[in-house]
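Every chain is numbered from 1, with letters handed out A, B, ... down the list of sequences.
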Protein chains: 2
Amino acid sequence: MKSGESASKFALLGVLSLKPASGYDIKQFVQGSIGHFWSESYGRIYPLLKELADEGLIVQQRGTKASGRSERQVYAITVAGEMALRQWLEHSPRNESPRSELLLKLFFCDHVAPEASAQHVREKKQLEEKHIAIYEQTARHIQQRYPAHPGLPYWLMTLNFGRHRSQALVAWCDETLATLSQLEKKQAKEKTKAKTKAKTKRGTV
Amino acid sequence: MKSGESASKFALLGVLSLKPASGYDIKQFVQGSIGHFWSESYGRIYPLLKELADEGLIVQQRGTKASGRSERQVYAITVAGEMALRQWLEHSPRNESPRSELLLKLFFCDHVAPEASAQHVREKKQLEEKHIAIYEQTARHIQQRYPAHPGLPYWLMTLNFGRHRSQALVAWCDETLATLSQLEKKQAKEKTKAKTKAKTKRGTV
DNA sequence: ATTTCATATAGCACTATGATATATCATGAT
DNA sequence: ATCATGATATATCATAGTGCTATATGAAAT
């Protein structure tokens, strides 16, 4: 495999290493199981499945019109595919380029009132708290359902990652909200001062 | 502005709201100042500058001189541009879809030895520790250099975000490394057991 | 003198998303 | 009965975004 090869291909291989699946299945699995740190779109999944099949890393299982659905195209990983996956897993992951619209807004927000930014931060806090709840619930659920699965410790690690991250961000939100309310107070005071000054000036002129 | 409008446009507007700049300047600024939570590529910057100019949100300062080929093309934000930026700043930021190659590898890593994953996690820890150092250094630097700038508190907030996040991830790395080394020990034990069994079997057969 | 480097713009191939189109089948409502 | 709805399923397109490469120039270093 070429070096510029995208991670998406291996994400699909990874899913197929668990069990054969269709493009639709893959999308569902990604959303439901690794959705908190990965995403795939149909627009990539279907072309990639074809590429992977051309490269011999997966094969199309024909004749599986089992439940009578419309032409379900199920793919399964091959031995070559498993090898490619293992190889990729051992390579150092590329560092992701983060893009946070929230931080971008915050960085430039001296153009607007602190309250507008505070609203964004409050929403972020709510979101992260919701995430924490989901992580904990999911962890309990999979521990109960797959207590002996060899992948379990690794799944829990990824959930733990999210929990740590979200907890830190909630703490940041609290700090930031405090700072923003201080800034608002200060601005209000300066406004009052400016008004008083203006009045005095008007009085003298 | 349309609702599907990308954040990149406003990132450029934000940078130009600080001072007039060329495409090159913008790239430098983004890398140097908001690089820890945002990125822009030349491949987007130049087309977007033209679009923004067409929409009247920015204006080209230097003339479109024909003779000099690679002449510096400096853009400045217009009043309309400032209004558009303010409007955007007040809208709720869209939640970003995170993609972590590290977690993807970790999730599927029961295919390979725990040591391979441990290596990835150690590298991650090093990276985050480096980030923390940079955040703290940058914070000291800008507090010294722009003690009275109205944007300073907001810049510090974004750095603080990074610091919180990185500290949490370092803690996660430590936890995860501990878990991985336990898993490795367990696997080693099972292997030994398997070997002993095999020997016994061979002995009896 | 010429090599090297920082500045600067531009285009292209590839990667990725989100929206939408299309069709089938199961289920329950009318 | 048949009709609406929603889940299943595949596919495509416009748009967004990245990374690499080509090109050019002036200034500094060798």
Candidate list Glu128(B), Glu115(B), Glu129(B), test salt bridge (Lys or Arg N to Asp or Glu O under 4.0 Å), partner Arg122(B), passing option = Glu115(B)
request  = By nearest nucleotide on DNA chain C, pick out whichever of Lys50(B) and Leu48(A) is the more 5' one.
outcome  = Lys50(B)
ask   = What is the nucleic acid contact for Ser8(A), judged by heavy atoms within less than 4.0 Å: base, sugar-phosphate only, or nothing?
value = sugar-phosphate
message = Using whole Å, what does the distance between atom C1' of nucleotide dT15(C) and atom CD of Glu101(B) come to?
response = 13 Å
query = Quick one: Tyr46(A) OH to dA9(D) P, roughly how many Å, whole number?
reply = 9 Å
key: Matching residue for Trp155(B) among Tyr135(B), Phe37(B), Phe161(B), Tyr146(B) - test: ring pair (Phe, Tyr, Trp, His ring centres under 6.0 Å)   = Tyr146(B)
task = Please state how far atom CD in Glu96(A) lies from atom C1' in dA16(C), giving the value in whole angstrom units.
result = 16 Å
note = Ranking dA9(D), dA11(D), dG18(C) by distance to the side chain of Ser41(A), first place goes to dG18(C)
request  = By nearest nucleotide on DNA chain D, pick out whichever of Glu51(B) and Gly43(B) is the more 5' one.
outcome  = Glu51(B)
key: Atom-pair distance (CG on Asp25(B); P on dT7(C)), nearest Å   = 9 Å
message = What contact category does Ser22(B) fall into here, base, sugar-phosphate, or nothing, at under 4.0 angstrom with non-hydrogen atoms?
response = sugar-phosphate
request  = For Gln31(B) and dT7(C), give me the distance from atom CD to atom C1', rounded to whole Å.
outcome  = 13 Å
inquiry  = Would you say Ser6(A) places a side-chain N or O within less than 4.0 Å of OP1 or OP2 belonging to dA16(C)?
reply    = yes
note = Here the distance between atom C1' of dA16(C) and atom CG of Leu104(B), to the nearest Å, is 15 Å
message = On the nucleotide dA6(C), are OP1 or OP2 found under 4.0 Å from the side-chain N or O atoms that Gln28(B) carries?
response = no
inquiry  = From CH2 of Trp38(A) over to C1' of dA16(C), roughly how many Å is that when rounded to an integer?
reply    = 11 Å
key: Note, Met157(B) side chain near Leu180(A) side chain (heavy atom, < 4.5 Å)   = yes
message = Strictly below 4.0 Å: does Tyr24(A) bring a side-chain N or O up to OP1 or OP2 of dT10(D)?
response = no
key: Phosphate contact (dT17(C) OP1 or OP2) by Ser39(A) side-chain N/O below 4.0 Å   = yes
inquiry  = Is there a side-chain contact between Arg99(B) and the phosphate of dT17(C), meaning an N or O under 4.0 Å from OP1 or OP2?
reply    = yes
Salt-bridge criterion met for Lys19(B) and Asp25(B) (N-O under 4.0 Å) = no
ask   = Does Gly23(B) or Tyr42(A) map to a spot on DNA chain C nearer the 5' end, using the closest nucleotide for each?
value = Gly23(B)
key: Which nucleotide in dT17(C), dA9(D), dA11(D) has an atom nearest any side-chain atom of Arg72(A)   = dA9(D)
task = Find the distance Gln73(A):CD to dT10(D):C1' and express it as a whole number of Å.
result = 7 Å
ask   = Is a side-chain donor-acceptor pair under 3.5 Å present for Arg140(B) with Gln143(B)?
value = no
